[in-house]
Amino acid sequence: MAENNNNNTNSESQKKSNFIHAHIDEDLAQGRNSGRVHTRFPPEPNGYLHIGHAKSICLNFGLAEKYGGKCNLRFDDTNPSKEETEYVESIMEDVRWLGFDWEDRLYYSSDFFQNLYDFAVRLIKEDKAYVDDQDAETISSQKGTPTRPGIESPFRNRSVEENLDLFGRMKDGEFDEGEKVLRAKIDMASPNMHMRDPILYRIMKAHHHRTGDEWCIYPMYDFAHGQCDYWEGITHSICTLEFEVHRPLYDWFVDQLQEMDYRPRQIEFARLNLTYTVMSKRKLLELVKDGHVNGWDDPRMPTISGLRRRGYTPESIRNFSDKIGVTKVDGMIDVSLLEFSVREHLNKTAQRVMGVINPLKVVITNYPEGQEEMLSAVNNPEDESMGRRDVPFSREVYIERNDFMEDPPRKFFRLGPGREVRLRYGYLIKCNEVLKDKNGNITELLCTYDFESKGGKSSDGRKVKGVVHWVSAKHAVKAEVRSYDRLFSDEDPNGHKDVDFKEFMNPDSLKVLPECYIEPFVKDSKPFDHFQFERLGYFNMDPDSTPENPVFNRTVALRDSWAKAQKK
RNA sequence: UGACCCAUGGUGUAAUUGGCAACACGUCUGAUUUUGGUUCAGAAGAGUCCAGGUUCGAGCCCUGGUGGGUCAACCA
């Protein structure tokens, strides 16, 4: 039985098919690219990866896997002013953590700077590129508008010799930033703005994280991407929808590359949007820089590192990615699907443990003082092979504060004055007295236990419906629990024109519960270990933990049909 | 007033060469249950943006609309 459950997590073989498969199947049927399928994941190392990148990673590596092809990791590092080694390292860590392997195919666009330069020289010689002396503003003003054609630069018809000379001197650092650019000579009247003599190279006297000060001219994205695809042997260059209008330019460059026995093709898909969060690097960076969250790996962040710290598993993210599919429809996925994916995985794999995050002390008055005993608990009802463990029991225990109500509503199965419930894996207890402080707050419950009910079964066959989790006060591990809610209170914080997205931040996205009691089993756990705190949710140990103050993050709560019914 | 792209239950996706709209999440019942979890059984919810056309037959094809998105960084 347990073996079957484990096999179910292997969903690789049942991936949904999508429109990209159709394209590839067609290419294969036509005998293109000698039947090769080669993709790449090409992040710019200017920030941390988020769940949207995970979709792209799963897609690209997934295609390679499906078609017996390859997938490269490429850092698109053509803009030294924004890129840092810190980001390169975090990206590699995240891709590996998700479970993908680029083997020996790690590339950087900067690996191709010389090739790109040589290619640019060739275009100049073929009279397909020229040096423009005008400043950014002027060039922009000549570009026209989407509905009106642009006008040609006065420098457009320089001689090949002059262009060659000028471009060489740009490379040699003779000019300042902004003084000159290299442009492709295409068509200033094209209905596609990207074809109106796009800029190929700009002067940037910035230190590059890999090439240092070797270059002072850097290629633009459009001039680098397709060519790198070509040189790496990429057959299917998958990117997001906003690059759709760049495709004619992508193809124009690839056309110039001639002598090819194959041709990389750009295919666009819709980027992931999730409810109640933001996904743009700019906005995520803003949240980090302005201290709205505690770093890129804050468990409330949609970053891979944030999700990891929150307690998400690679499997759950991969399954999520598979479930949402791949299309060109610009939509918005409900976070509940992401949450479903972790619950689904953790339900099958997480160690169960009892933990009380909102403690209320219960004294079992007829249990002998000083006595204690061990009770046997199941580690995971979904996986018998995980076995059982002993949980200590004694006279004083903590239960969840909201498992007791003085004046319970209908259908409340838990503890109340004069009521009886089962302590999970333990005894039946009955509440006899409620102690309060002078303000009327409940401070303690006095209960008696049925000593014949060990293990939870009544000796006389009476039915007790309620079951509550508990922790022996004497043996409990005191811990801090961090409980998270959505970062934004609006479903689509980006969807409001003229209102800053930060206006929609949820002020209660983080709740710190400093005094929680967990059964001693968690004493040996390490950061990132997963647990289900029974009846509450999935939690994992946070790296902030110390032996004196273990910290647990609530990954996601269990489904709670009682709480749901109460809201109505 | 241009080019390109998109349009199927609340959400996300399916629907062999056109053949009575399927699945998942979510929602709601009920059963089981020492997790109000899980599991199981079941229900509601779209007639496929609109209008024409082709066809015996259209979510799939054609035409024209409508709505939405992207594009005018020396960003990617």
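Chain letters run A, B, ... following the sequence lines, proteins first, then strands; residues in each count from 1.
Between Phe531(A) and Phe521(A), the ring planes lie perpendicular to each other; the angle is over 60°, past the 30° to 60° tilted range. The aromatic rings of His246(A) and His194(A) lie tilted to each other, with the angle between the two planes from 30° to 60°.
At the phosphate of U13(B), OP1 or OP2 sits under 4.0 Å from a side-chain N or O atom of Thr327(A). A sub-4.0 Å separation between OP1 or OP2 of A76(B) and a side-chain N or O of Thr78(A) is present.
Backbone-only contact: Phe340(A) has heavy atoms under 4.0 Å from sugar-phosphate atoms and none from a base. At the heavy-atom level, Gly456(A) lies under 4.0 Å from base atoms of the strands shown. Among the atoms of the strands shown, base atoms are found under 4.0 Å from some heavy atom of Phe412(A). Lys281(A) comes within 4.0 angstrom of nothing in the nucleic acid, heavy atoms only. Across all strands shown, Arg414(A) has heavy atoms under 4.0 Å from base atoms, whether or not it also approaches the sugar-phosphate. Note on Asp135(A): a base of the nucleic acid sits closer than 4.0 angstrom, heavy atoms only. Within 4.0 Å of Gln134(A), counting heavy atoms only, lies at least one base atom of the nucleic acid. Here Arg247(A) lies out of heavy-atom contact (under 4.0 Å) with every strand. Note on Lys180(A): nothing from the nucleic acid sits closer than 4.0 angstrom, heavy atoms only. If you check every strand for non-hydrogen atoms under 4.0 Å, Pro381(A) touches a base. Among the atoms of the strands shown, none is found under 4.0 Å from any heavy atom of Tyr201(A). As judged by a 4.0 angstrom heavy-atom cut-off over every strand, Met354(A) is placed among residues making no nucleic acid contact. Within the 4.0 angstrom heavy-atom criterion, base atoms lie near Arg422(A). Across all strands, Val181(A) comes closer than 4.0 Å to base atoms (heavy-atom distances).
Heavy atoms of other residues, nucleotides or ligands lying less than 6.0 angstrom from CZ of Phe451(A) number 12 at most. For Arg148(A), the CZ atom counts as loosely surrounded, since its 6.0 Å shell holds 12 or fewer non-hydrogen atoms of other residues, nucleotides or ligands. No more than 12 heavy atoms of other residues, nucleotides or ligands lie within 6.0 Å of CD in Glu137(A), so this atom counts as exposed by the packing criterion.
Glycosidic torsion of A24(B) falls outside 90° of 0, placing the base in anti. G69(B) shows a glycosidic angle more than 90° from 0 and is accordingly assigned anti.
Residue order along RNA chain B, read from the 5' end via each residue's closest nucleotide, puts Thr147(A) first among Phe533(A) and Thr147(A). Projected onto RNA chain B by closest heavy-atom contact, Asp334(A) and Met204(A) fall at different nucleotides, the more 5' of which corresponds to Asp334(A).
Remark: aromatic rings of Phe223(A) and Tyr201(A) are close, center separation under 6.0 Å. Ring pair Phe320(A)/Tyr312(A): centre-to-centre distance not below 6.0 Å. Note: His225(A) and Phe243(A) fail the aromatic proximity criterion, with ring centroids not under 6.0 Å apart.
In this structure, the separation between OH on Tyr449(A) and CG on Leu428(A) is 11.5 Å, given to the nearest 0.5 Å.
Set against A24(B), C75(B), U35(B), the side chain of Asn79(A) has C75(B) as its closest nucleotide. With U35(B), C74(B), G36(B) as the candidates, the nucleotide lying closest to the side chain of Arg352(A) is U35(B). Each of G12(B), U35(B), A7(B) was ranked by its minimum atom distance to the side chain of Ile324(A); first place goes to G12(B). Here the side chain of Arg559(A) is nearest to one of U27(B), C74(B), A76(B), namely U27(B).
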Exercise for review: Using a 3.5 Å limit on both pairing distances, list the dot-bracket string of RNA chain B from the 5' end; Watson-Crick and G-U wobble pairs count, crossing pairs take [ ], interstrand pairs take |.
Suggested key: .((((((..((((.....[..)))).(((((.......))))).....(((((..]....))))))))))).....
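For the residue pair Tyr48(A)/Glu86(A), the side-chain donor-acceptor check at 3.5 Å is satisfied.
For Tyr221(A) and A76(B), the ring-to-base geometry does not satisfy the stacking test (centroid distance below 5.5 Å, interplanar angle below 30°).
In the interface, the side chain of Gln532(A) is paired with the base of U35(B) through a donor and an acceptor atom under 3.5 Å apart. For G26(B), its base never sits under 3.5 Å from the side chain of Glu339(A) at any donor and acceptor pair.
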Exercise for review: Would you check, one step at a time, whether the test side chain to side chain donor-acceptor pair (under 3.5 Å) holds for His345(A) with Asn319(A)?
Suggested key: CA-CA 9 Å; His345(A) 184 231; Asn319(A) 285 151; over 6 Å; no
Pull out every protein N or O sitting under 3.5 Å from an N or O of nucleotides 68-73 of chain B, one pair per line with the distance.
residue, atom, partner, partner atom, Å
C71(B), O2', His194(A), NE2, 2.9

